[in-house]
Amino acid sequence: MSDEETYDVIVIGAGPGGYVAAIRSAQLGQKVAIVEKRATLGGTCLNIGCIPSKALLDSSEFFARTKHEGSEHGIVSTGLELDLPAMHTRKDAVVHKLVSGVSTLMKKNKIAVHTGTAHLEEPGRVTVTAEDGSTSTISATNIIIASGSVPQELPFMPFDGSRVVSSTEALAFDSVPEKLVVVGAGAIGLELGSVWARLGAQVDVVEILPEILAGWDPQTAKSLRRELSKQGLNFHLKTKVTGVNTSKKQGVTLEAQDTDGNAVSFEADKVLVAVGRRPYAEGLRLGQAGVELEEDGTRIKIDDRFRTSASGVYAIGDVVRGPMLAHKAEDEGMAVAEIIAGSGGGHVNYDAVPNVVYTWPEVASVGHSEDALKKEGRDYRKGQFPFAANGRALAMGASAGFVKILADAHTDRVLGADILGPYASDLISEIVSVVEFGGSSEDIARTVHAHPTLPEAVREAALAVDNRSIHGA
Ligand code: FAD
């Protein structure tokens, strides 16, 4: 054991949870190693998630807006063509730049990178198996598991990598499918469905629930569905997928049942199954180190300080409870590093974690939804303002949507917000900060906002909480 490399902290998994935990630990003076089985760092998010999907969303949006809205702006684009390989090359370059950046950050912070698959020998000891089968064992006082998640399969239609696919393959189709069926109307399904619809595919979205975006405010979800329908996405709600027939040489037939129990089928070139992601802890040999799972048998059980049931072993990110979001994983990464180093801090405010879907228009939310407040019987006031009355949105030609702010009826503290509109992902930040500070709608309403900007719609919604919106109808 004496020739084992020893560290203060070993991080397993170099996604946004793991690499951020490693950097924060190093900043706090710890000797850190990170183990990653993928050839590049950055995890799901940078390699096959957030970043490539946003690169394709931006490129396809550019294409679709030029095609459909160019003439309105006086832009004539005769002969507009799609060069899909070039679009993928650009996406790959963005990914490459960011994953290389994470490697540079590891060097800068003197973090030892071990490439290979990690498993726990016992608390404090990790064995890394490299691709060539060679192994090495490293040890540390503290281990942080940040092994992430993988796409959820439907048991009766496993991924085959070409016709029944996950988000990973849908980020890299080498031609635009004529017909794409998306199973599941959550963030990933809607984002990738939008990409391929904009590039010319006929997209059918099949969802078992009565509305898209489960867990979101129903008004926001319904409004987004209407906007996406206008862009050509066909939604089939309350429709349960029952099977898939891949016996034909080309394409697939997706079998389903509609609301009334009638059999329906969809012909497609590709079926993207986007029904969620499942925590990934395979091969970690958690049992032999005494790390317990939650009752669902998938997520690693932790307490409010990210401690697992094994001494000195912590877990964060998609592999533990809470929303599967990169920024949630990052914040947990910083918090766990601070807890381990005993530096103070070490806290994540789960009431102030924004949630975003990067369609066009985008949707973003934070805190309580109106629906949740109604169900809780909470006394709240609501202010809503449409982008159709915002000068900048009109100038951009992006006037669909609204900002909705919910505040406590007695204290005026901001409890939550929903935004459907252009750059909702950026606009939500102002409200997240106010929620974090325990601020009121009056705080936003009294803040000077530059004119003409989209954030003025946020201010108007805050003014509307007190029925004093200036530009509202
Ligand atoms: P991961 O990023 O999954 O990283 C875990 C890493 O651990 C992986 O690199 C894996 O190879 C490694 N690993 C696992 N087991 C071992 C082992 N035994 N040994 C060594 N290494 C191991 N989230 C957002 O917030 N915004 C978005 O816009 C967004 N878009 C997305 C789009 C798509 C298409 C997808 C698929 C996901 C998206 N997500 C988005 C979700 C986001 O990617 C995840 O929430 C985030 O990556 C979770 O971070 P993590 O560090 O917990 O795990």
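Since the structure is predicted, the reported quantities are computational estimates derived from the model, not experimental observations. Every number for a ligand or one of its atoms is a count from 1 in the order of the listing.
Between L56 and the options E61, E191, M87, R90, a side chain to side chain contact (heavy atoms under 4.5 Å, CB included) holds for only M87.
When atom types are taken as modelled, the side chain of E362 and the backbone of S425 share a donor-acceptor pair closer than 3.5 angstrom.
With sequence neighbours left out, the salt bridge (Lys or Arg N to Asp or Glu O under 4.0 Å) criterion links E338 to R24. Shown here are the ring pair (Phe, Tyr, Trp, His ring centres under 6.0 Å) partners of F173, two or more places apart in sequence or in another chain: W196. Every salt bridge (Lys or Arg N to Asp or Glu O under 4.0 Å) that E267 has, sequence neighbours left out, goes to K248.
For ligand 1, residues of the protein lying within 4.0 angstrom by heavy-atom distance are I12, G13, A14, G15, P16, G17, G18, V35, E36, K37, R38, G43, T44, C45, I48, G49, C50, S53, K54, G116, T117, A118, A146, S147, G148, S149, S167, I188, R277, Y280, L284, G317, D318, M324, L325, A326, H327, A329, Y358.
We find that E169 and K270 are not joined by a salt bridge, their nearest charged nitrogen and carboxylate oxygen being 4.0 Å or further apart.
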